[in-house]
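Indexing begins at 1, ligand by ligand and atom by atom, following the structure's order. The shown structure was predicted, so the numbers you read here are calculated from the model rather than taken from an experiment. Basis for what follows: all heavy atoms, side chains included, without hydrogens, waters or symmetry-related copies.
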Amino acid sequence: MSQSTDLFDPAARWAAPDPEPIVGDDLRLLLRQAFAIEEDGAGASPAAVVLEVAPSRVTPAIAEALQAVVGTDHVLFDDAARAAHANGMSYLDLVRRSAAPPAAPDAIVLPADHDEVGAILRTCTKHRVAVVPFGGGTSVVGGVTPTRGSLDAVIALDLRRLDALLEVDEISQTATLQAGVTGPRAEELLAEHGFTLGHVPQSFERATIGGYAATRSSGQLSTGWGRFDALVERVRAATPAGDLDLGRAPGTAAGPDLRQLVLGSEGAFGVITSVTVRVRPIPEVRRHEGWRVADLATGVGVLRTLAQRGPKPDLARLSDETETAMGVATGGGGTDEAGGCLLLVGWEGATADVAYRAEAATAILHAAGATPLGEQAAESWRHGRFRAPRLRDELLGAGMLIETLETATTWRDLEALHARVGETLRTALDGASPIVACHVSHLYAAGASLYFTVLARRDGDDPVGQWSVAKTAVMEALTSTSRPPATLTHHHAVGVDHAPWLAAEIGELGVDVLRAVKARLDPAGVLNPGKLLPAD
Ligand SMILES: Cc1cc2nc3c(=O)[nH]c(=O)nc-3n(C[C@H](O)[C@H](O)[C@H](O)COP(=O)(O)OP(=O)(O)OC[C@H]3O[C@@H](n4cnc5c(N)ncnc54)[C@H](O)[C@@H]3O)c2cc1C
């Protein structure tokens, strides 16, 4: 049994630490006053807690069978490796692991390629071992929680060794990447060929190609470049029942598109081992700008015009009044002028195309009475956009509740949904000085996504119960049959946390169809028990 390396140090989960704290002493004091936090929790950030884990349930016979597939060095049993795979990155993940030793996976298995993944799935089926596919571990819905259902043990199948660019087709502008390639590594590998993937979720530094595909991720340029599932030409997955290799041509009428059964399947149907995606030449120019609009309704009107009449920007992000004010307070980008809403728009690509699209958008923005804030406002956001996880850790350390949630709806219902979710959260967290901020992003012709950030005073006695009440209230609102209609998730996926509401979104029959697919591909139910599909 081998030892893990510092690659698994939970403190090193975000790649580029800031040399200075983001929340300085002044802001910390301000926050404590604003949220009436009596005791400063300095040094007690749940994110920083060192972990212990229970003894592994893997028997010597199982260990030997796993090692026979991937080699002795690639099955890890040490506490650090197991603790680092014990949870994802939601607020509740961080809070729970500070309260008690987490239920860690019994071993970490690191396969080298597609065939080893298939062999591990067959081994685990034979030995009644649950398998949790693990990419970057950035799930915020319990997707990597080591659940084992009624099985005897659970492993995390860490895909980091599947880290190659397998093929670039420069003529068709596609690239085939293995599942464990992270966002930055994908860009490095593609840049050698003059291409970019341009998929930039906020978890970019750690999330992987397989994770993007398994959760149908959306990036900051998804308005123009498309969400990740829209970029996929071909996907290869290993399942306990055999291999799936889907996507032979850019268009087909050969029945339903089975790629869509793999995309968004969250490791419950199979393990994605490689994905062929559309790529683009590295942009000649990038132009990102900030604008100030009078209010949310004005900004929504501008975004709708851009989405429906075009030409579409690649980046579009409209902060509501609260998020705009918070951005100013924390230096998180935006405008020095109080009031109104910050609207960021951006274009990337060939010089002439960017100039044409930016000019068209400028005319629409001026017509709506928007004030230009220049490129600096957008650059300031761009500069700080990957600091959110660090900021969250610091706010947790200051005794706060901080979490995000997201949804999407039609243009007709966007503002009503914004109001309803905000009101639901403020009511559920009443007494804890809640602040609910939101931005509109990921534009479609018919609607857009809403992304909420919630801040409140953390209930020190029952932080899990406090957030669970609020989250449940929001999920009930999102899945309610009355207007405004909404989805339970636009890009965070289902995992464990959203599974109880899946039937409300796709119907009992829809859930049965997914169960039938799982029964065919994973008859022993070893893949990610309790994820995606609600418990029977
Ligand atoms: C700070 C922060 C910011 C975020 N911002 C965004 C954002 O902007 N946009 C967005 O879409 N999401 C965002 N997320 C959510 C998360 O990063 C995405 O869901 C991401 O796609 C997950 O990728 P991952 O490699 O980390 O997957 P993991 O977290 O490792 O896994 C996610 C799920 O997919 C399964 N899985 C992983 N790899 C595979 C595979 N190869 N085959 C089959 N199943 C697999 C896992 O079992 C799990 O159920 C954010 C999360 C955090 C913590």
Side-chain angles (χ1 to χ4, degrees), residues 13-14 47 84-85 87-91 93-94 105 111 114 117 121 130-147 154-160 162 177-183 185-186 199-222 227-229 235-239 244 262-275 317 385-393 402-406 439 441-442 449 451 453 489-499 521-522 527-533:
R13 288 173 81 89
W14 297 100
H85 291 79
N87 53 261
M89 308 206 69
S90 71
Y91 168 70
D93 283 329
L94 300 181
H114 175 91
V117 171
L121 293 181
V131 179
V132 177
F134 197 102
T138 64
S139 170
V140 286
V141 290
V144 292
T145 303
T147 48
V154 52
I155 61 160
L157 190 69
D158 188 318
L159 295 156
R160 71 180 61 212
L162 277 74
L177 290 147
Q178 284 187 310
V181 177
T182 61
R185 185 67 184 137
H199 183 72
V200 194
Q202 201 184 43
S203 51
F204 172 75
E205 288 171 293
R206 300 196 68 94
T208 59
I209 294 295
Y212 294 158
T215 61
R216 302 173 77 192
S217 159
S218 267
Q220 289 158 355
L221 301 174
S222 290
R227 44 189 297 142
F228 191 79
D229 43 312
V235 60
R236 193 167 185 223
T239 83
L244 288 172
V262 176
L263 299 171
S265 61
E266 301 186 36
F269 296 169
V271 179
I272 296 162
T273 54
S274 67
V275 184
R317 180 185 164 112
R385 64 186 167 158
F386 298 129
R387 297 167 92 196
R390 283 225 37 227
L391 176 61
R392 182 175 68 166
D393 289 356
I402 172 162
E403 182 55 308
T404 62
L405 51 88
E406 36 73 66
H439 62 255
S441 56
H442 311 298
S449 156
Y451 185 95
T453 301
T489 174
H490 172 260
H491 56 264
H492 282 170
V494 178
V496 174
D497 296 358
H498 293 157
L521 296 175
D522 177 25
L527 277 165
N528 247 348
K531 317 283 171 59
L532 177 65
L533 293 164

Looking only at N/O atoms, are Val132 and ligand 1 under 3.5 Å apart anywhere?
no
Which atoms of ligand 1 are found less than 4.0 Å from any heavy atom of Ser217?
10 (C), 11 (O), 21 (O)
Identify the residue among Leu263, Ile209, Val262 that makes a side-chain contact (heavy atoms from CB on, under 4.5 Å) with Val275.
Ile209
Hey, looking at atom 24 (P) of ligand 1, which of Gly88, Gly136, Ser449 has the closest heavy atom?
Gly136
Pick whichever of Thr138, Ile209, Val144 has a heavy atom sitting closest to atom 31 (O) of ligand 1.
Val144
Would you call the rings of His439 and Tyr451 parallel, tilted or perpendicular, where under 30° means parallel and over 60° means perpendicular?
parallel
So, does Glu266 use its side chain to make a donor-acceptor pair with the main chain of Val494 at under 3.5 Å?
yes
Show which atoms of ligand 1 fall inside a sub-4.0 Å distance from at least one heavy-atom site of Ile272.
40 (C), 41 (N), 42 (N), 43 (C)
Exercise: identify the closest heavy-atom pair between Ile272 and Gly210:
CD1-O, 4.1 Å
NE2/His442 to CD/Gln220 distance, rounded to the nearest 0.5 angstrom?
8.0 Å
Check: of Ser203, Ala238, Ser222, min heavy-atom distance to atom 14 (N) of ligand 1 comes from Ser203
Out of Val494, Val200, Thr215, Val235, whose heavy atom is nearest to atom 19 (O) of ligand 1?
Thr215
Can you name the atoms of ligand 1, numbered from 1 with element, that are less than 4.0 Å from a heavy atom of Tyr212?
21 (O)
What distance separates Phe134 CZ from Ile155 CD1, expressed to the nearest 0.5 Å?
13.0 Å
Heavy-atom closest contact (Ala493 atom, Val141 atom, distance)
O-CG1, 3.6 Å
Between Ser449 and His491, a side-chain donor and acceptor under 3.5 Å:
no
Least distance between heavy atoms, Thr147 atom then Val154 atom:
O-CG2, 3.5 Å
Under 4.0 Å from one or more heavy atoms of Ala179, ligand 1 contributes atoms 41 (N)
If I take atom CG from residue Leu405 and atom OG from residue Ser90, how far apart are they, to the nearest 0.5 angstrom?
11.5 Å
Any atoms of ligand 1 less than 4.0 Å from a non-hydrogen atom of Met89? List them with their elements.
53 (C)
Please work out which of Gly267, Ala493, Gly495 has its closest non-hydrogen atom nearest to atom 44 (N) of ligand 1.
Gly267
Is Lys531 close enough to touch ligand 1? Criterion: a residue heavy atom under 4.0 Å from a ligand atom.
no
With atoms numbered from 1 as shown, which atoms in ligand 1 lie under 4.0 angstrom from a non-hydrogen atom of Gly270?
43 (C)
Under 4.0 Å from one or more heavy atoms of Asn528, ligand 1 contributes atoms 47 (O), 49 (O)
Compute the shortest N/O to N/O distance between Arg392 and ligand 1 and return yes if it is under 3.5 Å, no if not.
no
Nearest-option assignment for atom 36 (N) of ligand 1, heavy atoms, candidates Gly219, Ser218, Ala214:
Ala214
Where is the tightest heavy-atom contact between Met89 and Thr138, given as atom of each residue plus distance?
CG-CA, 3.8 Å
Polar contact flag for Gly137 and ligand 1 (N/O pairs, less than 3.5 Å)
yes
Pull out every atom of ligand 1 sitting under 4.0 Å from any heavy atom of Val140, numbered as shown with elements.
51 (C), 52 (C), 53 (C)
Which heavy atom of Ser218 sits nearest to which heavy atom of His490, and what is that distance?
OG-CE1, 3.4 Å
Please check whether Pro133 reaches ligand 1 - meaning an N/O of the residue sits under 3.5 Å from an N/O of the ligand, judged on distance alone.
yes
